[in-house]
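Remarks on the structure that follows.
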Amino acid sequence: MKYFPIFLSLSDRPVVIVGGGEIALSKLRVLLRTEACLHVFARSPAAELEALAASGRICLTRRSLCAGDLPGAALVYAATGEDEETASVVRLARAAGVPVNVVDDLGRSDFITPAIVDRDPVTIAIGTEGAAPVLARALKADLEARLPVRLGLLARIGQAFRPLAAHLPQGRRRRDFWAEFYFSAGPRALGRGGAAAAEAVLRSLLSRHMTQKERDGHVAFVGAGPGDPELLTLAARRALDEADVVLHDRLVPPAILDLARREARIVDVGKRGFAAATPQDRINALMVQHAGAGDLVVRLKSGDPSVFGRLEEEIEACEAAGIGWHVVPGITAASAAAAGIGQSLTRRGRNSALRLLTAHDMQGFAEQDWRALARPGAVAAIYMGKRAARFLQGRLMMHGAASETPVTVVENASRPDQRILPGTLATLATTLENGACDAPAMMLLGLAPRAATGALMELKEALS
Ligand code: SAH
């Protein structure tokens, strides 16, 4: 972040705009929404500027900017479009220590005016550090369409009510009250009976929330998916939005944790593959402790919580402590890996069953129904398989699997750094060793990347 977004108070503070044409006018139209004292310097002002001056909305000086004009100003805009005059404005602003913006010239500007969605007092500023103004405008249009025009009014009504709402204990009870006002009861009342109805609804909501008993804590076991935040479910996003505490696995990337409510406590309880881990008992204890204190706990697990995620053990810990829970399923790594190589996990005539395996269990390497897995056409998604590559290879070949059975390793499925390592059962161990595979990886037994399958078919046809 090169530019830090802040909201600057301009009430009764001088803001200077230099320029008399359309560039200055377009800046002025935004600045007129503020409570600043707008001072325009223009040698030949446009008629619209004269009209604004006549109505007392701006103060107009019909000459260039001079050194004595700036001290005390909050901001200066150079909106002249003329090189020489712009250079002089920048020089004067720097000398007076006043931040300057040269319209459409990022290099010479100290600050940027963002694209603004104005639902005063709710204001959304969008900036791209000059990288993509078109994107900023598209985002603005999107938000303009999405936010009710009267959102600002609702916020003002709410603002006047804040001292009364302070009778509710701080924290979740107060948040619940406001959430109900802004997102359901408030907009409905406003639509039905205007501001008076919205005020009335605030009073009845408050008395209801005051008498409500403390809500019980709860644990949501939430699937974070394979890593791409776009692959979160809407329910997962909502849970993150409401969480007081997020206990997450190591495989959940920061981009997903960033979606949690800003005040939420984020705790990494990651088990690090084969290295030191947060013991399961400790995770259970943390979960029970927070939910027992009335918090909404999101236990965020990579992929789907019910696939190799120790879900049952954690549910049992909740039940033993009398804590309510629910599960929000997620997209498991096998689905993401299959999507990554353009293949289907099942296919008529090839495999009518799909196995999700882990290469490890509590005793070490996990034994499986090798005979079934070795059959032609069998498909399995193998989790946590990297260190077991030689073991898998040996067991499968011993039970008659063809050495040319495709095995594709998909590392970091769905993430920007996704890597696909195609190979066969014979090459599996060397594929992994040569690939220096250090990230989470899924092995798809019986599936080759679609592109490779296509190329192989073409080769076969060409040879026949
Ligand atoms: N509950 C998770 C699995 C947890 S076990 C799920 O449903 O996906 C952890 C293993 O999942 C890793 O060792 C790796 O084999 C696999 N895995 C998780 N995320 C992955 C990703 N983005 N790409 C490839 N494999 C992944």
Side-chain angles (χ1 to χ4, degrees), residues 223 225-226 231 302-304 306-309 329-361 364-414 418-435 437 439-464:
L231 295 181
S302 78
D304 181 273
S306 74
V307 177
F308 306 124
I331 293 182
T332 190
S335 302
I341 63 167
Q343 288 288 19
S344 175
L345 287 169
T346 62
R347 180 180 172 151
R348 280 200 294 171
R350 181 191 64 202
N351 65 312
S352 58
L354 162 72
R355 289 179 172 77
L356 304 183
L357 312 181
T358 171
H360 292 271
D361 61 16
F365 292 148
E367 289 299 345
Q368 309 286 350
D369 181 355
W370 301 112
R371 200 183 297 279
L373 284 167
R375 277 193 206 115
V379 174
I382 305 171
Y383 291 72
M384 297 175 278
K386 272 183 303 188
R387 303 222 177 168
R390 283 198 188 280
F391 165 76
L392 291 164
Q393 202 178 26
R395 284 287 197 279
L396 284 164
M397 308 260 266
M398 200 166 80
H399 287 82
S403 58
E404 65 273 18
T405 307
V407 183
T408 309
V409 177
V410 184
E411 193 188 72
N412 284 319
S414 88
Q418 167 174 295
R419 260 199 330 160
I420 295 168
L421 309 172
T424 62
L425 195 52
T427 64
L428 177 61
T430 42
T431 307
L432 282 171
E433 277 152 25
N434 297 340
C437 196
M442 171 62 50
M443 283 178 202
L444 295 174
L445 172 74
L447 293 179
R450 181 159 211 89
T453 318
L456 206 66
M457 300 280 266
E458 275 169 30
L459 189 69
K460 268 189 188 159
E461 271 168 27
L463 289 176
S464 64

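- Evaluation of the side chain to side chain contact (heavy atoms under 4.5 Å, CB included) rule for Ser344 yields Thr346 as partners, not counting sequence neighbours.
- The nearest pair of heavy atoms linking Leu231 to Pro226 is CD1-CG, 3.7 Å.
- A pairwise comparison of heavy atoms in Ile331 and Ser335 identifies CG2-CB, 3.9 Å as the closest pair.
- Shortest non-hydrogen contact noted between Asp304 and Gly330 is OD2-N, 3.0 Å.
- Atom-to-atom distance recorded for Ile382:CD1 and Leu392:CG is 5.0 Å, nearest 0.5 angstrom.
- When all heavy atoms of Ala374 and His399 are compared, the closest pair comes out as CB-O, 3.4 Å.
- Of all the heavy atoms in Ala448 and Ile341, the pair that sits closest is O-CD1, 3.9 Å.
- With rounding to the nearest 0.5 Å, the separation of CG in Leu421 from OG1 in Thr430 is 11.0 Å.
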Verify side-chain contact (heavy atoms from CB on, under 4.5 Å) between Leu445 and Leu357, making sure each step is shown before the conclusion.
CA-CA 10 Å; Leu445 172 74; Leu357 312 181; over 6 Å; no
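- Once rounded to the nearest 0.5 Å, the distance linking CZ of Phe308 with CG of Leu356 reads 6.0 Å.
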Output a table of donor-acceptor pairs, distance under 3.5 Å, between side-chain atoms of residues 400-409 and any protein atom two or more places apart or on a different chain; print 'none' if there are none.
{"unit_1": "Thr405", "atom_1": "OG1", "unit_2": "Ala402", "atom_2": "O", "d": "2.5"}
{"unit_1": "Thr408", "atom_1": "OG1", "unit_2": "Leu447", "atom_2": "O", "d": "2.5"}

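- Panel note: side chain Asn412, backbone Gln418; no donor-acceptor pair is recorded below 3.5 Å.
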May I have the step-by-step check of side-chain contact (heavy atoms from CB on, under 4.5 Å) for Gln343 and Val379, ending in yes or no?
CA-CA 11 Å; Gln343 288 288 19; Val379 174; over 6 Å; no
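- For the residue pair Ile420 and Pro449, the shortest heavy atom distance occurs at CG2-CG, 3.9 Å.
- Qualifying ring pair (Phe, Tyr, Trp, His ring centres under 6.0 Å) partners for Phe391, counting only residues two or more places apart in sequence or in other chains: Phe365, Trp370.
- Ala378 pairs by the side chain to side chain contact (heavy atoms under 4.5 Å, CB included) definition with nothing, not counting sequence neighbours.
- Checked against side chain to side chain contact (heavy atoms under 4.5 Å, CB included), Ala366 has the following partners two or more places apart in sequence or in another chain: Asp361, Gln368.
- Qualifying side chain to side chain donor-acceptor pair (under 3.5 Å) partners for Arg375, counting only residues two or more places apart in sequence or in other chains: none.
- Ala338 meets the side chain to side chain contact (heavy atoms under 4.5 Å, CB included) test with Leu345; sequence neighbours excluded.
- Pairs engaging residues 389-399 under the salt bridge (Lys or Arg N to Asp or Glu O under 4.0 Å) rule: Glu367-Arg395, Arg390-Glu433 [sequence neighbours left out].
- Interatomic distance, Met384 CE to Met442 CE, rounded to the nearest 0.5 Å: 8.5 Å.
- Taking Arg355 as the reference, nothing meets the salt bridge (charged side-chain N to carboxylate O under 4.0 Å, His left out) condition, with sequence neighbours excluded.
- Take Arg371 and apply the salt bridge (charged side-chain N to carboxylate O under 4.0 Å, His left out) test, not counting sequence neighbours, and it matches no residue.
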